[in-house]
Amino acid sequence: MSSGSFASTRVVRPAHGFRGSLIVPGDKSISHRYAMLAGLAVGTSRITNFSTGADPHSSLACMESLGATVKTVGPVIEVTGTAGSFSQPKSDLDCGNSGSTMRMLAGLVAAQQGTFTFVGDASLTVRPMQRIRGPLEQMGARIDLTEGHAPMIVHGSELTAIDFETPIASAQVKTAVLFAGLQAKGTTSIAEAVRTRDHSEHALRAFGATLERNDGRLVIEGGQKLNAIDLTVPGDMSSAAFFLCAALLFEDSNLVLDGLGMNPTRATLLDVITAMGGVIKVLDVQEKHGEMMGTIQVNCGRTLKGIEISGSLTAQLIDELPVIAAIAPYTDTGVKIRDAKELRVKESDRIALVVKNLRAMGAEVTEHEDGMDIPGGQTLCGGVIDSGLDHRIAMAFSIAALRAEGETEIHGAEAASISFPEFFTYLDELAIR
Ligand code: S3P
């Protein structure tokens, strides 16, 4: 997305504390999956605490274009599915800023009769789509890309199962193959080099599909029908991450997060918060449709400690790395991030933008092709932040700004609404000034 013109700038003032409690809004990843599977299922699903972010609403709009009915009834989203058979959309499927919508939905439509054209905004239009084209074409679909990215045309077809090894750690690619495998002829199996978030596996089972894990491979039988259900989306850990990191910045901070999704494939951040010196108490945990959710309390420790993040840890923290990097200068020994090349092809080049914005706040940082080194013990000053219209960059640097000397201007702050429209309201409520 162009970062040349900004519709909205937010000024974030320093704080001297961070306290309060919050019910965390619905998880973006899970909302996408529930929207898509409800749209394929037989009957009407009722989804509570659906993400308020723009991205999952792009998925809902695409499902409507494919023949599902979507109604908002108070706090519930009702989706009446297409009973396994999509209609030909009258216009392009507009995925907005959402790579999850484009990649995962490609897996669903690949097995359907018809031709489906996917478009997105300027940021999504340059993101790599070859990663889903490979396996979906192996299964029998045909996909036209424009120099490896959108606009993307999926020519649906009867699919045949494959045995697939994911070449990159990507839950979106795994999901595209699972969603295609659900409708293919035969048994599809997937081996992941690094285990990624498993919301699709839980969601498929919740809607009635059978899915197994044999010798480390995910195995799904084709030709299965899904049935509508009532669901509650747990709170988004990747949104909570901003406030968890804020709580690390102040003595006497106290944050209680309720309804927080704690799926183990997403909760690595809690280990990182602990390793950085935070004190976490789990006050309650329950399970719904395979997803863990609960209440946690977080307090700041005596020292904000540095950390090194590489290998599979990087993949598990991929969405949280911008905010960890943004608070890194305040740690004692600094933060090193490696094996994070994927950050360069997110909603923005998140390595380049984190480095640029840390420098804009006066920090020393060394950029690497696959990560960065940020020394600890630094003082930041208020600066002008370029979000690149990337939601996680806008929010990450709003957190760094809380301990800076002077005010920070966040250009393109409105990008936060892609995943967390309530972010600035909650930030003002929790930050003590
Ligand atoms: C997501 C998977 C990750 C993540 C994205 C959401 C998902 O992307 O960065 O925000 O919902 O499956 P990749 O699959 O590209 O790693």
Side-chain angles (χ1 to χ4, degrees), residues 26-37 50-51 53-59 62 95-108 120 123-124 126-135 148-150 164 166-179 190 192-204 218 233-234 236-242 261 263 265-266 268-269 291 309 312-324 337 339-351 354 370 390-396 415-416 418-420:
D27 185 86
K28 174 164 93 68
S29 290
I30 297 174
S31 297
H32 281 299
R33 287 153 171 88
Y34 287 177
M36 290 181 198
L37 296 182
F50 193 85
S51 166
D55 270 8
H57 284 267
S58 292
S59 285
C62 287
C95 305
N97 190 239
S98 175
S100 299
T101 305
M102 194 174 281
R103 295 190 179 126
M104 301 197 295
L105 193 51
L108 275 192
S123 148
L124 181 52
V126 295
R127 294 184 65 190
M129 294 295 144
Q130 180 60 35
R131 52 185 64 190
I132 51 155
R133 178 203 223 166
H149 45 72
F164 181 61
T166 56
I168 38 167
S170 168
Q172 294 171 357
V173 175
K174 169 177 67 177
T175 301
V177 177
L178 277 175
F179 284 3
I190 304 172
E192 285 192 278
V194 175
R195 191 151 183 201
T196 60
R197 62 191 72 189
D198 62 2
H199 304 304
S200 300
E201 294 89 310
H202 291 304
L204 281 162
L218 272 172
V233 181
D236 196 318
M237 178 66 81
S238 302
S239 296
F242 300 102
N263 177 318
T265 62
R266 293 286 296 287
T268 305
L269 177 71
E291 296 288 348
I309 299 171
S312 59
L313 199 56
T314 300
Q316 285 155 22
L317 291 165
I318 197 74
D319 290 340
E320 288 76 62
L321 292 175
V323 66
I324 296 171
I337 298 172
D339 305 315
K341 243 187 173 155
E342 272 293 302
L343 282 184
R344 294 207 181 266
V345 291
K346 292 289 178 192
E347 287 82 329
S348 67
D349 177 342
R350 286 184 175 159
I351 294 179
V354 164
D370 69 338
D390 179 328
H391 54 130
R392 298 205 198 277
I393 299 292
M395 293 187 278
I418 288 294
S419 58
F420 197 0

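Order of listing sets the numbers, starting from 1, for every ligand and every atom in it. Every value quoted in this text rests on a predicted model; they were computed, and no experiment measured them. Along the sequence shown, the residues carry numbers beginning at 1.
- Between Asp390 and Ser348, the side chains place a donor N or O and an acceptor N or O closer than 3.5 Å (distance only, hydrogens not considered).
- The side-chain heavy atoms of Val173 and Thr196, taken from C-beta on, include no pair separated by under 4.5 Å.
- The salt bridge (Lys or Arg N to Asp or Glu O under 4.0 Å) contacts involving residues 166-176 comprise Lys174-Glu192, Lys174-Glu201, where partners must be two or more places apart or lie in separate chains.
- Listed by chain and number, residues touching ligand 1 at under 4.0 Å (heavy atoms only) are Lys28, Ser29, Arg33, Ser100, Arg103, Ala169, Ser170, Ala171, Gln172, Arg197, Ile318, Asp319, Lys346.
- Contacts of Asp349 classified as salt bridge (Lys or Arg N to Asp or Glu O under 4.0 Å), with partners at least two apart in sequence or in another chain: Arg344.
- With sequence neighbours excluded, the residues that form a salt bridge (Lys or Arg N to Asp or Glu O under 4.0 Å) with Arg197 are Asp319.
- The pair Arg33-Glu291 does not count as a salt bridge, with every side-chain nitrogen at least 4.0 angstrom from each carboxylate oxygen.
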